[in-house]
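Comments concern the structure below.
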Amino acid sequence: MKADAILNRERSWSLEAGLPVTVTNLFRPSGSATPTDLAPPHSTPLGRSEQFAAAGAEGGGAMAELRHATAAAAAATRATSSPSKRDAEAASASSPLVASPRVGGAKDGPRPHQRWSLPAPVRSLLALEDPRSPAASASYRILVAAIACFALAALFSAPSVWARLVSSSPNAPYLCRKEGIRLHCPRVSERGSLWENPRAAATSWKPCAERRSDEISGQYRIHLSLSFVIDLVPENETSGFIFIHAEGGLNQQRIAICNAVAIAKIMNATLILPVLKQDQIWKDQTKFEDIFDVDHFINYLKDDVRIIRDIPDWFTEKDELFTSIKRTVKNVPKYASAQFYIDNVLPRIKEKKIMSIKPFVDRLGYDNVPMEINRLRCRVNYHALKFLPDIEEMADKLATRMRNRTGNFKNPYMALHLRFEKGMVGLSFCDFAGTREEKAMMATYRQQQWPRRYKNGSHLWSLALEKRKEGRCPLEPGEIGIILRALGYTKETQIYVASGQVYGGNNRMAPLRNMFPNLVSKEDLASKDEMEPFKKHVTSLAALDFLVCLKSDVFVMTHGGNFAKLIMGYRRYMGRHRLKSIKPDKGLMSKFFGDPYMPWATFVEDVMITHQTRTGLPVPTFPHYDLWENPLTPCMCRA
């Protein structure tokens, strides 16, 4: 009885001390607490005989409990027949992340010492659980796939993140980056202006096309695989002479001249001064020397290409250059590479000594020629081709009069290139507002001028809608007026209009003139006597428009074309991107104009956001680029 009393008292003290009643509490190692240590201070100590009896009772009870625990463990071991399950249970038992047992063996109540358990796939990934176990196999594969997808996403987004970090660094130049169809430009603290781009855009880049070496500073240069060095050779060692017809209007002829100098450099040939061929639309027979300064052109390029004024005297069959197939190279594709000229055109020039190349519209590519050749084209366009002094002087007078119209010499003005002539409207095959009589007359005009494209006219309506949605239709005068007002330009804005005869006359111009009364043209700024010398050649009048637009504070285009591209590229190059050149997004504008329920405030917000980056800011020159609109990469360097 005393042994039972001692055993009961032992268990009650163990519960009071917070220890579970097990065999390990009965058989304690040396140094652990004993029933005597845990006894209340007023209890009576046992005698030696009683202690021996209690010890015997404790030993018997302990051995019984030990045998019971051993049998239970053996039964549990036999129940766990799967090796993977035994490994999982062993790992769970030894893991510090697995919840500990409840205190005192209670089934209910809080778990003060319980730890959070990780999911099975995470435990298997951390080698805390066997991935072969049924609980972790499927989830393990899902987790691994998710981690792989995350790693791939991080890999693909790394270049974009790095580009933004580089562009945001204090030493990086101001450069916009294109991501998809959006253009992202660096943020500046400078307040936005209607008349100028951010100052950082102008201080980051400078013109450097005059450099004749292949060394251009800056990490944003594009390196081409095709590179070779061509030295200027004496006249008696030249590969031959090339002769080209520069077709089209003034600006198309300008591009052809730049390309002619480039291919002469590629083939080590001598260039005969190009002939400006009469165009069917312009119908103007103008010679090179009627527009450009020939002496400056030849002298400026003397270290690059040899240029002569006329066909050599020793060549007596001059008419063959215009008529004979034997003297003409006709198989040059559009945007041909430099290697094409070396492989296909150069052998014929060496054989015949003098050859003409026609047609010569867009017969040289951009990203498939050496960088030095593209830089040479910039030298020709921005430095070698200068208009005659009387054209330059008249353009300066017109620009000065535009600024003095309000009595303030510093008054800024806008130049608007309005492409809405009858020929442009007809060629676009777009539908515009007008009366039935006007549309019938335009249909007849298109059928006469472009019978193959017109056919029977049944497909033109759907074609016109598609082109307008894609932004391939010229903006009407009223449409460009709405865009300018949405951008913040007031009716006091001085606008110089560079255009031919607008289709529809005063009725078509009325909406634009109502919004901006200060619309003027060169005929309004100059007297008839002043304009008379320039009316001899249509290209002279186009040259005046070109220069006045070039000198403006803001240039706005309404439709594509060589004129607008050359102006935008010239202003980017010479103005170091400080001058604003607005290129409306006609695709988005067509969507806005097609929604009659859009509030004016919403329209203004959309226009402002859309055109924040369409003002001639620094942008890398992309593959298959148009060098004339964006000369940054080959022709500009970090300032």
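Owing to the predicted nature of the structure, the values given are computational and were not obtained by experimental measurement.
- Within the cation-pi definition used here (under 6.0 Å to the ring centroid, within 45° of the axis), Arg446 qualifies as a partner of Phe429.
- Donor-acceptor pairing under 3.5 Å is lacking for the side chains of Tyr413 and Asn518.
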(request) Show the numbers, then the answer: is there a side chain to side chain donor-acceptor pair (under 3.5 Å) between Arg571 and Ser581? (result) CA-CA 8 Å; Arg571 290 167 64 86; Ser581 301; 2.9 Å; yes
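- When all heavy atoms of Phe516 and Gly481 are compared, the closest pair comes out as CE1-O, 3.6 Å.
- Val345 has its side chain within reach of Met267: a pair of non-hydrogen atoms, C-beta onward, lies under 4.5 Å apart.
- The environment of Gln501 atom CD is sparse: at most 12 non-hydrogen atoms of other residues, nucleotides or ligands sit within 6.0 angstrom.
- Not less than 2.5 angstrom separates the SG atom of Cys635 from that of Cys208.
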(message) With side chain to side chain donor-acceptor pair (under 3.5 Å) as the criterion, how do Asn381 and Tyr570 come out once you've worked through the C-alpha distance, each side chain's angles and the decisive distance to 0.1 Å?
(response) CA-CA 9 Å; Asn381 187 31; Tyr570 213 121; over 6 Å; no
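- Using modelled atom types, no side-chain atom of Asp545 and backbone atom of Ala542 make a donor-acceptor pair closer than 3.5 Å.
- Put simply, the side chain of Ile357 reaches to within 4.5 Å of the side chain of Val332, judged on heavy atoms.
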(message) Applying side chain to side chain donor-acceptor pair (under 3.5 Å) to Asn259 and Arg363, what does each step give before you reach the verdict?
(response) CA-CA 8 Å; Asn259 290 339; Arg363 291 307 189 241; over 6 Å; no
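- In terms of modelled atom types and a separation under 3.5 Å, the side chain of Arg572 and the main chain of Pro618 share no donor-acceptor contact.
- Distance alone, capped at 3.5 Å, places no donor-acceptor pair between the Gln252 side chain and the Gly249 backbone.
- Judged by distance alone, with hydrogens and angles left aside, the side-chain atoms of Glu196 form no donor-acceptor pair with the main-chain N or O of Arg578 at under 3.5 Å.
- Judged by distance alone, the side chain of Ser356 and the main-chain N or O of Arg327 form a donor-acceptor pair under 3.5 Å.
- Nearest heavy atoms, Leu194 versus Gly488: CD1-O, 3.5 Å.
- Annotation: side chain of Leu301 is in contact with side chain of Ile307 (closest heavy-atom distance under 4.5 Å).
- Between Thr328 and Lys330, the shortest heavy-atom distance links the atoms CG2-CG, 3.6 Å.
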(message) Pair Glu476, Tyr503 - check side chain to side chain donor-acceptor pair (under 3.5 Å), show working.
(response) CA-CA 10 Å; Glu476 295 189 39; Tyr503 176 68; over 6 Å; no
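- Side-chain atoms of Lys583 and His611 include no donor-acceptor pair closer than 3.5 Å.
- Considering Lys580, Gln494, Arg403 as possible partners of Asp553, the one that fulfils the side-chain hydrogen bond (donor to acceptor under 3.5 Å, both in side chains) test is Arg403.
- Looking only at side-chain heavy atoms (C-beta outward), Val361 and Ile255 stay at 4.5 Å or farther from each other.
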(request) Evaluate the salt bridge (Lys or Arg N to Asp or Glu O under 4.0 Å) criterion for residues Arg419 and Glu421: first the C-alpha distance (whole Å), next the side-chain angles of each, then the deciding distance (0.1 Å), finally the verdict. (result) CA-CA 6 Å; Arg419 293 295 306 273; Glu421 306 89 353; 3.7 Å; yes
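- You'll find the ring centres of Phe420 and Phe432 inside the 6.0 Å limit.
- Nearest heavy atom pair, residue Thr493 against residue Thr490, reads OG1-O, 2.8 Å.
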(request) For Tyr300 and Leu385, run side chain to side chain contact (heavy atoms under 4.5 Å, CB included): C-alpha distance rounded to whole Å, both residues' side-chain angles, the deciding distance at 0.1 Å, then the answer. (result) CA-CA 9 Å; Tyr300 186 87; Leu385 280 176; over 6 Å; no
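- Put simply, the side chain of Asn562 never gets that close to the backbone of Leu250: no donor and acceptor are under 3.5 Å apart.
- Remark: the backbone N or O of Thr539 is not paired with any side-chain donor or acceptor of Thr286 at under 3.5 angstrom.
- Applying the ring pair (Phe, Tyr, Trp, His ring centres under 6.0 Å) test to pairs two or more places apart or on separate chains, those with a residue in residues 243-263 are Phe243-His245, Phe243-Phe322, His245-Phe322.
- Using a 30° and 60° split on the angle between ring planes, Trp195 and Tyr489 fall in the perpendicular class, above 60°.
- Side-chain contact between Cys185 and Tyr174 is present, with heavy atoms from C-beta onward closer than 4.5 Å.
- At least one side-chain heavy atom of Leu627 sits less than 4.5 Å from a side-chain heavy atom of Cys378.
- Checked against the 6.0 Å centroid threshold, Tyr382 and Tyr573 count as a close aromatic pair.
- Without hydrogens or angle criteria, Ser204 side chain to Ala201 main chain gives no donor-acceptor distance under 3.5 Å.
- At a cut-off of 3.5 Å, with distance as the only test, a side-chain donor of Asn374 or Arg377 sits close to an acceptor on the other residue.
- A donor-acceptor pair under 3.5 Å is formed between the side chain of His296 and the backbone N or O of His383.
- With hydrogens and angles disregarded, a donor-acceptor distance shorter than 3.5 Å links the side chain of Asn197 to the backbone of Thr615.
- Residues Leu519 and Arg513 approach most closely at O-NH1, 3.6 Å, considering heavy atoms.
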(request) Could you please spell out the steps behind the salt bridge (Lys or Arg N to Asp or Glu O under 4.0 Å) verdict for Lys536 and Asp290? (result) CA-CA 10 Å; Lys536 297 178 182 178; Asp290 295 333; over 6 Å; no
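- Taking both residues in full, the closest heavy atoms of Arg401 and Leu525 are given as NH1-O, 2.9 Å, listed atom of the first, atom of the second, then distance.
- Taking the centre of each ring, Tyr445 and Trp450 come in below the 6.0 Å mark.
- Residues Phe563 and Met557 fail the side-chain proximity criterion, which asks for heavy atoms closer than 4.5 Å.
- Within the 4.5 Å cutoff, the side chain of Leu364 has heavy atoms near those of the Val369 side chain.
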(request) For the pair Phe315 and Phe241, evaluate ring-ring contact (aromatic ring centres under 6.0 Å, His included) and give the outcome as yes or no after the intermediate values. (result) CA-CA 11 Å; Phe315 186 73; Phe241 297 80; 9.2 Å; no
